[in-house]
Amino acid sequence: MTSERISVFDIFKIGIGPSSSHTLGPWRAAQQFLGAVKEKGLLNSVEKVTVHLYGSLAKTGKGHGTDIAVILGLSGYDPVTIETSSIDRILAGIAASETIRLHGEMQIHFNPKTDVVFHKTESLPFHPNGVSFTAVCADGQVFEETYYSIGGGFVIQEGREAAGGSVLSEIPYPVDHASDLLNWHRATGKTIWELVLDNERIWRDDETIRKDLLNIWRVMQDSIFLGCQHRGVLPGGLNVQRRAAELNQKLLKGHACTGCDEWIDLIRKNGSGFNYTLDWVSCFALAVNEQNASYSRVVTAPTNGAAGVIPAVLQFHVTFCGSTEEDIFRFMLTAGEIGSIFKKGATISAAMGGCQAEIGVSSAMAAAGLAQVSGGTVEQCLMAAEIAMEHHLGLTCDPVAGLVQIPCIERNTMGAIKAITASQLALQSNPENAKVSLDNVVKTMWQTALDMNNRYKETSEGGLAVNIPISLSEC
């Protein structure tokens, strides 16, 4: 059977905060546009480039760094490899000189204040996250393309299929619904992670799959550890104080550490019990999303706005339950497949479905992964994902001032705790008695997304975004 499929590496992508749909996606769109310009042999004749942002990208693009993303993308930088500490310097240079070096090669006049246009009252029909690029050449030729950032860093060019995501391939175990996973399990006796691994072998060999997945985990863990070391105020004007570093020091009773392994040992030695563990789960999630809000490197899981849930839950298991490298590998494969099911059957874009599409999906992914490495059956893993999402249904996306800070950072702590609870409930339950299936929840989530008022879909036009004064000094 040949059909469109999503790899676990499409769900987990290394990038820069604060938003996968508003930062990573537009960045990739800018790169694709430049690729098309080069392919047509136009790069050396381009004299002017203009970027037009529509819908949610326009309404919350400033707070989400959309203008920064497209400028860096047009300049030839990549979100995976760019030195994050250099971003401010690069942007300052472009603003001061009013020039940009397209693809790092062709220098043209470019004024960030006028050549990135925010169309806040206009939306394109296909998706709320629309961006158009226009290049004008010396001979008067105009080249224009439009892209849609559909969530999680996935990008669709107008009139084409998703880029950097779905791949047309023959895979042994096609999965579009949770019921497909269950049927393949019953036919083969394989677990979720084993089925996913067999599918991934179409695109990568075993060594590469393991190496790349563990590298993704290392980036996640780095974002936790670094977030627990950095103090200060988050950028954007809300004056939100970072909390992870202070909480980290409080829980460690002032003890310092020089590396991640020593840090984990200190965590284990400095306390125990429910409250202590709960505080650390919250600290892990806060750390990642404070890094995300600071234009640092994180992993979409499945999005940047929800980047802290899965790292927090997996770090919880590594720290307090003795997770092995094999556990991490199996967790990631299981969680990735659950994210894929939600993307196919509903959405992972807050601009389409509210925050249920981000925190809710990430919580479901984490719950399934945790159930897997805690000895759960396939049925219990799917039940864990269902429980986690069921209790996020209807969650709105209402970022104050268009920043991925309030309430986004704290919501990651809630998503992580719910994932752990959902996993525990599933492990102590008989899935045969469940009244709600994961497929029921995916369907319901999508119906809820369609019914949700647009004010609650990452537009900053409803909810906390209109009821909290932007001069608030702390969240």
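All figures in this text were calculated on a predicted structure; none of them were measured in a lab.
R330 has no carboxylate O lying under 4.0 Å from a charged side-chain N of D327, or vice versa, which leaves the two without a salt bridge. Salt-bridge check for R243 with E410: passed, with a basic side-chain N closer than 4.0 Å to an acidic carboxylate O. Ion pairing of R210 with E326 is present here, as a side-chain N (NZ or NE/NH1/NH2) and a carboxylate O approach within less than 4.0 Å. Classification of R411 and D398 as a salt-bridged pair holds, one side-chain N sitting under 4.0 Å from a carboxylate O.
Side-chain atoms of T191 and E194 form a donor-acceptor pair, as typed in the model, at a separation below 3.5 Å. Of the N and O atoms on the side chains of K62 and T66, not one donor lies less than 3.5 Å from an acceptor on the other residue. Inspection of the Q31 and R28 side chains reveals an N or O donor paired with an N or O acceptor under 3.5 Å. Between the side chains of Y148 and E158, a donor-acceptor pair is found at a separation under 3.5 Å. Between the side chains of H22 and S149, no donor-acceptor pair of N or O atoms lies under 3.5 Å. Side-chain contact of D451 with T448: a donor-acceptor pair under 3.5 Å is absent, judged by distance alone. Counting only N and O atoms by type, the side chains of T60 and E458 include no donor and acceptor under 3.5 Å apart. Between the side chains of Q32 and Q157, no donor-acceptor pair of N or O atoms lies under 3.5 Å.
You'll find the side chain of I90 stays beyond 4.5 Å of the side chain of E83, heavy atoms only. In this structure the side chain of I71 reaches within 4.5 angstrom of the side chain of S75, judged on heavy atoms.
Between F225 and W263, the ring centre distance stays below 6.0 Å.
Side-chain N or O atoms of S362 include one that pairs as donor or acceptor with a backbone N or O of I359 at under 3.5 Å.
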Requested in this report: Test side-chain hydrogen bond (donor to acceptor under 3.5 Å, both in side chains) on T347 and K343 and set out the steps.
Outcome: CA-CA 5 Å; T347 181; K343 186 184 183 301; over 6 Å; no

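Residue-environment remark: CD (Q447) exceeds the threshold of 12 foreign heavy atoms within 6.0 Å. Atom NE2 of H177 has 12 or fewer neighbouring heavy atoms from other residues, nucleotides or ligands inside a 6.0 Å radius.
Heavy atoms only, all atoms of each residue included: V441 and E390 are closest at CG1-N, 4.1 Å.
Taking the ring axis of F154 as reference, the NZ or CZ atom of K13 stays within 45° of it and closer than 6.0 Å to the ring centre. Remark: R5 fails to qualify as a cation-pi partner of Y173 under the 6.0 Å distance and 45° angle criteria applied to the six-membered ring.
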